Amino acid sequence: MGRLLPVALLCAAAVFGQEDSDLTGAREAMGRGVHLMQRGNYPQAARAFEVAARLAPTNLEAKLYLGICYMAQFRAGSADPANLEFAHKAETQFLAILQAEPADDTALQYMANLAWERSTGIADPAEKQKQIERAKGWYEELEKQVPRNKEAPFMLAVMAW
């Protein structure tokens, strides 16, 4: 993904203008979070990115990584409320990015993927179709914003089939 840049650059750009202690704390939290995420420790990484996002609320990278950590903990097909909360939290982070940058291709792709994954766990046919339509909308937006994206037309074809 094109947005996964070196942590130092991300933190410096994302928290520009913050107080020094917030800048240092956000940088440290981002570094910890990336390290934990690379090791597959998504719950601990999420906590680190939560700190980074709190210290630097305009840091879209912290929101992206936080959303990815929540999404990694979501299990498609499980209707357990705690599991669905991971999906909701991930969606909240990706939507925050899209509110700031409506054409952000990474956040659009994650929203589309999450909506599709959520549809796989719905037993009620009407609710399942509603969620598939939601995923379709995100994939259409991704295709519109990023014409070179290959996943969007493929997934739209799968949904049409």
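Computed from a prediction, not measured in an experiment: that's the story for all the values here.
Residue Ala46 comes nearest to Leu66 through the heavy atom pair O-CD1, 3.4 Å, listed as atom of the first residue, atom of the second, then distance. The minimum heavy-atom distance between Gly67 and Ala90, with the atom names listed, is O-CB, 3.5 Å. Residues Ala115 and Trp138 approach most closely at CB-CD1, 4.2 Å, considering heavy atoms. In terms of heavy-atom proximity, Phe74 sits nearest to Leu114 at CD2-CD1, 4.1 Å. Heavy atoms only, all atoms of each residue included: Ala45 and Gly33 are closest at CB-O, 3.5 Å. Of all non-hydrogen atoms in Leu55 and Ala26, the two that sit nearest each other are CD1-N, 3.5 Å.
Looking at Thr92, Ile97, Leu95 one by one, the single match for side-chain contact (heavy atoms from CB on, under 4.5 Å) with Lys63 turns out to be Ile97.
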Return all side-chain donor-acceptor pairs below 3.5 angstrom for residues 143-161, not counting sequence neighbours, or 'none' if the list is empty.
| from | atom 1 | to | atom 2 | distance (Å) |
| --- | --- | --- | --- | --- |
| Gln145 | NE2 | Glu141 | OE2 | 2.9 |
| Asn149 | OD1 | Glu151 | N | 2.9 |
| Asn149 | OD1 | Ala152 | N | 2.8 |
| Asn149 | ND2 | Gln109 | OE1 | 2.9 |
| Glu151 | OE1 | Gln109 | NE2 | 2.1 |
| Glu151 | OE2 | Tyr139 | OH | 3.3 |

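Atoms OH and CZ, on Tyr42 and Phe86 in that order, are 13.0 Å from each other to the nearest 0.5 Å. Note that NZ of Lys89 and SG of Cys69 are 11.5 Å apart. Values are rounded to the nearest 0.5 Å. The distance from atom CG of Leu84 to atom CZ of Arg118, rounded to the nearest 0.5 Å, is 6.0 Å. Going from atom CZ of Arg75 over to atom CD of Glu117 covers 9.0 Å, rounded to the nearest 0.5 Å.
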Item to check | Steps toward side chain to side chain contact (heavy atoms under 4.5 Å, CB included) verdict (Asn113, Met71) | outcome: CA-CA 10 Å; Asn113 291 341; Met71 191 168 168; 3.8 Å; yes
Item to check | Steps toward side chain to side chain contact (heavy atoms under 4.5 Å, CB included) verdict (Asp104, Leu108) | outcome: CA-CA 6 Å; Asp104 185 288; Leu108 283 168; 5.8 Å; no
Checklist entry - Run the side chain to side chain contact (heavy atoms under 4.5 Å, CB included) check on Ile132 and Trp116 step by step: do they pass? => result CA-CA 6 Å; Ile132 289 172; Trp116 175 252; 4.1 Å; yes
Next on the checklist: side chain to side chain contact (heavy atoms under 4.5 Å, CB included) for Leu64 and Tyr110? Distances and angles first, verdict last.
Outcome noted: CA-CA 9 Å; Leu64 175 65; Tyr110 275 110; 4.1 Å; yes
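In this structure, Leu142 and Met111 have side chains that are not in contact, with every pair of non-hydrogen atoms separated by 4.5 Å or more. The shortest side-chain heavy-atom distance between Gln93 and Tyr65 does not fall under the 4.5 Å cut-off. Put simply, the side chain of Val34 reaches to within 4.5 Å of the side chain of Phe49, judged on heavy atoms.
Sorted by first and then second residue, the side-chain hydrogen bond (donor to acceptor under 3.5 Å, both in side chains) pairs involving residues 119-129 (not counting sequence neighbours) are Gln129-Glu133.
Here Arg134 pairs with Glu91 in a salt bridge; the nearest charged N to carboxylate O distance falls below 4.0 Å.
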